[in-house]
Amino acid sequence: MSFGIAIGPREQKSPYFDATVHAGAASFTIYNHTYMPVSYGDPEGEYWRLVNAVSLWDVAGERQVEIAGPDAAEMMRYLCPRDLTGCEVGQGKYVPLCDHAGRLINDPVLLKRDDDRFWLSIADSDMQLWSRAVAAERGYDVTVRDAGAAPLAVQGPKARPLVRDLFGDWVLDLKYFWFAPATLDDIEVIVARSGWSKQGGFELYLLDPERGGDLWNIVMEAGQEYGIGPGAPNYIERVESALLSIGADTDDDTNPFEVGLGRFLDLEREDDFIGKQALIELKEARKRRLVGLFIDGPPLSPNQHPWRVTQDGRRVGSVRAAAFSPRLQKNIAMTVLNYDQSEEGVRVEIDTEVGWREGTVTTLPFVTPPVMRPQTAG
Ligand code: THG
């Protein structure tokens with residue numbers, strides 16, 4: 001199978017688009033209507049670079065929906081099931097969002113830019129549309145717009161010394177998900193301690209879309225001594241670490257409890273928020289559960305669609321994301337199973353693109369992150 005994808009004005013190019021093409025981007029996905037590189041042609045090499053050194057990712061597709069105005073804080077409380085009490089300016093939080101029926105619709109990183117200005121750094125679904133509708137229906141005095149910022153992720157164990165070289169020692173003191181404005185040469189960015197891997201790292205939110213190529217080149221250059229190279233949100237590492245990918249691991253009826261996000265909801269809050277009553281009921285439902293699966297046999301390529309999972313010929317769930325783990329030397333998969341079949345050790349059959357395989361249920365994550373390195377270590 002070999003074909004191209006049309007490049008046209010209905011989708012957006014990231015500010016780093018030309019730089020990533022120049023660096024050899026081999027395939028792209030579309031994320032929030034934005035072309036986003038997923039590989040530079042060597043998935044396993046890119047994996048080891050992320051795990052052992054440092055990798056640079058164009059994640060401008062993680063767009064920032066800005067909600068600003070006198071009612072912004074109140075609106076955020078109504079949008080987010082997570083309690084935001086005590087969230088400070090300069091702090092970020094992971095905030096799964098649900099609709100009125102308690103279905104998971106996105107899992108953004110919230111950035112509190114100011115007391116009356118918030119960013120939702122979104123996963124792949126239309127949160128600007130949603131936020132504008134909620135604001136209008138509720139009569140909130142806010143403006144909702146795309147902030148026009150573009151995150152560049154610097155991920156891997158060598159991200160710390162690299163980002164310290166670029167910005168100074170203070171970046172090492174940033175707590176997880178916290179951020180601060182900074183400049184690099186004369187390029188304005190926001191430096192955040194975050195990123196969609198469990199290897200540690202930072203995200204640089206570019207504020208001037210004209211400077212994407214410049215920012216990319218500065219970081220690439222400074223990263224040479226640390227073995228930097230181009231990469232992308234790494235499929236293998238994210239399965240090992242069990243980082244959730246909305247739309248891949250979830251369907252249009254998934255609730256947050258089924259995919260392990262219950263710990264990010266505060267249902268005992270006294271104030272109202274979207275989906276509250278539904279979520280209180282869903283909490284006890286225990287219908288399905290996202291678990292790990294070891295799949296027997298030779299190395300598998302990632303699944304192109306969810307794989308049917310059966311037990312004694314009866315359908316019990318689906319594999320959402322499968323990969324061969326170079327560190328475990330096993331096929332691993334994030335899999336949604338009926339609750340009754342989701343216990344560790346349960347044996348199932350999987351209808352893969354290369355025939356039927358057998359597998360064993362296990363717990364997530366597959367690999368416990370090497371994070372929690374001392375905060376100030378180089
Ligand atoms: N960075 C930015 N925006 C983003 C993402 C990002 N938007 C889309 C997507 N990623 C949002 N999804 C996630 C999912 C998981 C995490 C971050 C963003 C994450 N989770 C940790 C975990 O699950 O262990 C920590 C959560 C916690 O303990 O609070 O990091 O990557 N800008």
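If you're wondering where the values come from, they're calculated on a predicted model, not measured in any experiment. Whatever order the structure lists ligands and atoms in, that order sets their numbers, starting from 1.
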Q) Side chain or backbone of Phe179 under 4.0 Å from ligand 1, or both, or neither, by non-hydrogen atoms? A) neither

Q. Ligand 1 and Tyr94, any nitrogen or oxygen pair closer than 3.5 angstrom?
A. no

Q. Taking N or O atoms only and a 3.5 Å limit, does Ser194 qualify as a polar contact for ligand 1?
A. no

Q) If we ignore angles and hydrogens, is there a donor and acceptor under 3.5 Å between the side chains of Gln64 and Ser121? A) yes

Q: Please identify which atoms of ligand 1 are closer than 4.0 Å to at least one heavy atom of Asp107.
A: 11 (C), 12 (N), 13 (C), 14 (C)

Q | Side-chain H-bond candidate by donor/acceptor type, Tyr205 with Glu188, under 3.5 Å | A | no

Q: For Tyr78 and Asp272, test the side chains for any donor-to-acceptor distance below 3.5 angstrom and give the result as yes or no.
A: no

(Q) To check your reading of the model: name the closest protein heavy atom to atom 7 (N) of ligand 1, its residue, and the distance in Å. (A) Ser121 O, 3.0 Å

Q | Heavy atom of Trp119, distance to ligand 1 below 4.0 Å | A | no

Q: Please write down residue, atom name and distance for the protein heavy atom closest to atom 20 (N) of ligand 1.
A: Leu243 CD2, 3.7 Å

Q.
Using a 4.0 Å cutoff against the non-hydrogen atoms of Ala123, which atoms of ligand 1 qualify?
A. 7 (N), 8 (C)

**Q.** Region of Glu203 engaging ligand 1 - heavy atom pairs below 4.0 Å
**A.** side chain

**Q.** Face-on cation placement of Arg82 at Phe264 ring, 6.0 Å and 45° thresholds
**A.** no

Q | Distance-only donor-acceptor check, side chains Thr34 and Gln12, under 3.5 Å | A | no

Q | Contact (N/O only, under 3.5 Å) between Gln64 and ligand 1 | A | no

Q. Atoms of ligand 1 less than 4.0 Å from Tyr176 heavy atoms?
A. 30 (O)

Q.
Check this for me, if you would: do Arg211 and Asp208 make a salt bridge, where the nitrogen-to-carboxylate-oxygen distance has to be below 4.0 angstrom?
A. no

Q: Check for a donor-acceptor pair, side chain of Asp71 on one end and backbone N or O of Tyr140 on the other, with a separation under 3.5 Å.
A: no

Q: May I ask you to list the atoms of ligand 1 that are less than 4.0 angstrom from any heavy atom of Ile122?
A: 7 (N), 8 (C)

Q | Between Ser197 and Gln155, a side-chain donor and acceptor under 3.5 Å | A | yes

(Q) Under a 3.5 Å threshold, yes or no: a donor from one side chain and an acceptor from the other, between Tyr47 and Arg327? (A) yes

Q: Would you indicate which of Gln155, Arg82, Lys198 comes nearest to atom 22 (C) of ligand 1 when only heavy atoms are counted?
A: Lys198

Q) Under 3.5 Å, is there a donor-acceptor pair between the Gln277 and His100 side chains? A) no

Q. Taking only heavy atoms of Gly195, which atoms of ligand 1 are found under 4.0 Å from at least one of them?
A. 31 (O)

Q. Nearest non-hydrogen atom to atom 32 (N) of ligand 1 belongs to which of Tyr205, Trp196, Phe264?
A. Tyr205

